[in-house]
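Remember, it's a predicted structure, so these values are computed and weren't measured experimentally.
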Amino acid sequence: MATSRIGLDRLPPAARAAVEEHTGPLLAVKESTEGFNSEIAARVTSATGTWHIKGLRTDHPRARTQHREATIALFLAGLAPALRWRVETAGWDLLGFEALDGHHANYAPGSPDLPEVATLLHRLGATPCPDIELRQAEQRLEHYAAHPDDLRHFAGTHLLHTDLNNTNVLIDDHAPQGDRARLVDWAWATRGAAWLDAAYWTIWLIAAGHTPASAEHWAAKIPAWRTAPAEGITAFAAANANIWSEISNADPDPWTLRLATAANAWHAHRGTD
C-alpha cells in the first residue's frame with residue numbers, strides 16, 4: 001500500500017532547521033509524485049547544492065525501511081545515489097541523497113534504456129552483500145510459494161533490490177554508455193539468490209508491453225539468470241502471481257491490476273515450458 005505523501009513545508013520547524021544545517025536556506029523545493037514508501041520526497045536546492053530528500057516519521061509502520069535504506073547506502077557506490085546526510089529529530093527520519101539528473105527508465109520494447117538496466121543489474125549481481133541486517137528472500141516469499149519446497153530456490157547470499165519499478169531506475173543520457181543507470185529506493189533491499197532481481201524485472205517488462213518470452217530474453221542478459229534453475233524461475237513466477245493477485249485485490253488501482261495481469265501472464269507462460 002502507498003504511504004500518504006505530505007509537503008516539506010509541513011515538517012516541524014526543528015526538523016526543517018536540522019535539514020538546513022546541511023543544506024543552507026532552501027531556495028527551491030520540488031515535491032516528487034513518484035514512489036510509494038516515503039511520506040516526504042522532494043528535490044531541494046539551496047545556494048550550496050541540490051539534494052533529493054526522503055522522509056518518514058520515526059513511528060511510521062515502515063520506519064524500518066528508512067533505516068535499512070540509510071544503512072545500505074554506504075555500500076552502493078556506482079549503483080545508487082550517494083547518501084550525503086541523515087537527520088533524526090522532532091519525530092522525523094530524513095535522508096539527503098545526491099540529486100541525479102536523468103529520466104525514469106523506459107521499459108517498453110525497443111527502448112534504448114533496456115541495455116543500461118541490464119548492465120546495472122549485472123553490476124549489482126557482482127556487488128558483495130554487506131554484513132547488515134536484511135530480510136531473506138525466502139522469508140518474504142514464504143506465504144506465496146505454491147509449495148514450501150520452492151523456497152529453497154530463493155535462498156542465497158546476494159544483495160537484491162527487489163523493486164524494479166521503472167520509476168526506481170534513473171537513466172542519465174549524458175553519462176558514459178554502459179554506466180547511465182542508477183537504482184533508487186532501496187527500502188526493500190533483501191538477501192537471496194543472485195537471479196531474483198532479473199526475475200523481478202521480468203514482471204515489470206511484461207507490464208511495459210513485452211511478451212513473457214521477450215522479457216525473459218532481457219533477463220538472460222544478466223549472468224545469474226542463465227545459471228538459475230528453471231524450476232526455481234517457474235516457482236518464482238507462481239509466487240509473484242499470488243503476490244500481485246493479493247495486492248490488486250486489496251488495492252484495485254490501474255497499476256496494481258496491470259502488474260497482476262503481467263504476473264499471471266508470466267506464470268501461464270512458465271506453466272507451458
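- Remark: the E216 side chain and the W225 side chain contain no N/O donor-acceptor pair separated by less than 3.5 Å.
- At a threshold of 4.5 Å between non-hydrogen side-chain atoms, the residues R123 and D179 count as touching.
- Look at E69 and R86 and you find no salt bridge, because none of the NZ, NE, NH1 or NH2 atoms lies under 4.0 Å from a carboxylate O.
- Side-chain contact between L11 and L94 is present, with heavy atoms from C-beta onward closer than 4.5 Å.
- Put simply, the side chain of E21 never gets that close to the backbone of V87: no donor and acceptor are under 3.5 Å apart.
- Taking the side chain as every heavy atom from C-beta outward, D197 and I222 never approach each other to under 4.5 Å.
- Side chains of L79 and L120 form a contact here, defined as non-hydrogen atoms less than 4.5 Å apart.
- Dense packing is recorded around CG of D59, with more than 12 heavy atoms of other residues, nucleotides or ligands lying under 6.0 Å away.
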Report task. For L76 and L159, run side-chain contact (heavy atoms from CB on, under 4.5 Å): C-alpha distance rounded to whole Å, both residues' side-chain angles, the deciding distance at 0.1 Å, then the answer. Result -> CA-CA 10 Å; L76 300 176; L159 175 63; 3.9 Å; yes
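- Ring planes of H52 and F97: tilted class, angle from 30 to 60°.
- Side-chain atoms of H103 and D113 include a donor-acceptor pair closer than 3.5 Å.
- Heavy atoms from other residues, nucleotides or ligands lying under 6.0 Å from CD of E98 number more than 12.
- C129 places none of its side-chain heavy atoms less than 4.5 Å from the side chain of H158.
- Residues L160 and F75 share a single hydrophobic cluster, defined by chaining ILVMFWY side chains whose heavy atoms lie under 4.5 Å apart.
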Query raised in the report: Can you check side-chain contact (heavy atoms from CB on, under 4.5 Å) on L74 and L83, steps first, answer last?
Result: CA-CA 7 Å; L74 301 175; L83 179 64; 5.6 Å; no
Requested in this report: Report the C-alpha distance between I233 and T202 in whole Å, list the side-chain angles of each, state the deciding distance to 0.1 Å, and finish with yes or no for side-chain contact (heavy atoms from CB on, under 4.5 Å).
Outcome: CA-CA 11 Å; I233 296 173; T202 298; over 6 Å; no
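- Without hydrogens or angle criteria, N168 side chain to L164 main chain gives no donor-acceptor distance under 3.5 Å.
- Side-chain atoms of E116 never come within 3.5 Å of backbone atoms of I171 as a donor-acceptor pair (strictly under, hydrogens ignored).
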Query raised in the report: Would L259 and I203 satisfy side-chain contact (heavy atoms from CB on, under 4.5 Å), going step by step from the backbone distance to the final call?
Result: CA-CA 7 Å; L259 267 294; I203 300 170; 3.7 Å; yes
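- Residue pairs meeting the ring-ring contact (aromatic ring centres under 6.0 Å, His included) criterion with at least one member in residues 12-32, sequence neighbours excluded: H22-W85.
- The residues R182 and D172 are annotated as not salt-bridged, no charged nitrogen and carboxylate oxygen being separated by less than 4.0 angstrom.
- Identified under the side chain to side chain donor-acceptor pair (under 3.5 Å) test for residues 145-154, with sequence neighbours left out: D149-R152.
- Annotation: side chain to side chain donor-acceptor pair (under 3.5 Å) contacts involving residues 40-49, sequence neighbours excluded, comprise R43-D101, T45-T50, S46-T48.
- Y107 and V169 get closest at one heavy-atom pair: OH-CG2, 3.4 Å.
- Summarising the geometry, atom CG belonging to L141 is positioned 5.5 Å from atom CZ belonging to F154; distances are rounded to the nearest 0.5 Å.
- For the pairing with Y200, the ring-ring contact (aromatic ring centres under 6.0 Å, His included) check across F236, W188, W266 returns one residue only, F236.
- Contact of the T167 side chain with the V184 side chain is not registered, since no non-hydrogen atoms from C-beta on lie closer than 4.5 Å.
- Grouping the Ile, Leu, Val, Met, Phe, Trp and Tyr side chains by contacts below 4.5 angstrom, directly or via other members, places I40 with V19.
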